[in-house]
Amino acid sequence: MTTYQHTLTIGDGEYLALSDALKLMIEHCEAQMKAGEGAPYNAYRQYCNAMLDRLRAAPAQITSTNNFFNER
């Protein structure tokens with residue numbers, strides 16, 4: 001089976017939204033599993049936890065700076 005790997009660059013606001021969305025999905029999956037559902041929620045929860053871990057560990061890159069203090 002062919003699999004793909006994806007690279008994604010996101011901004012600060014997108015980082016926050018994605019992080020919160022992953023947390024909500026994890027909560028949803030846990031609720032579904034508590035209600036007796038198995039697949040696909042167990043796999044989704046694992047994927048979301050892994051993505052959240054990678055998101056938190058990803059290095060941030062500065063894309064813009066200010067020079068407010070250098071202007072006189």
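Remember, predicted model here, so these are calculated numbers, not experimental data.
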- Task: Look up atom NZ in Lys23 and atom CG in Leu18, then write down how far apart they are to the nearest 0.5 Å.
- Result: 10.5 Å
- Item | Separation between CD of Gln46 and CE of Met51, rounded to the nearest 0.5 Å | 11.5 Å
- Message: How close do Leu52 and Ser19 get, counting heavy atoms only, and between which atoms?
- Response: CD1-OG, 3.7 Å
- Please check if atom CG in Asp20 has more than 12 non-hydrogen atoms from other residues, nucleotides or ligands closer than 6.0 Å. yes
- By side chain to side chain contact (heavy atoms under 4.5 Å, CB included), Glu30 pairs with (sequence neighbours left out) Ile26, Arg45
- ring pair (Phe, Tyr, Trp, His ring centres under 6.0 Å) partners of residues 6-30, not counting sequence neighbours, each pair once: His28-Tyr41
- Item | From Glu27 atom CD to Gln32 atom CD, the distance as rounded to the nearest 0.5 Å | 12.5 Å
- Message: Please enumerate all residues that pass side-chain hydrogen bond (donor to acceptor under 3.5 Å, both in side chains) together with Asn49, with sequence neighbours excluded.
- Response: none
- Leu22, Leu16: one ILVMFWY side-chain cluster at the under-4.5 Å cut-off? yes
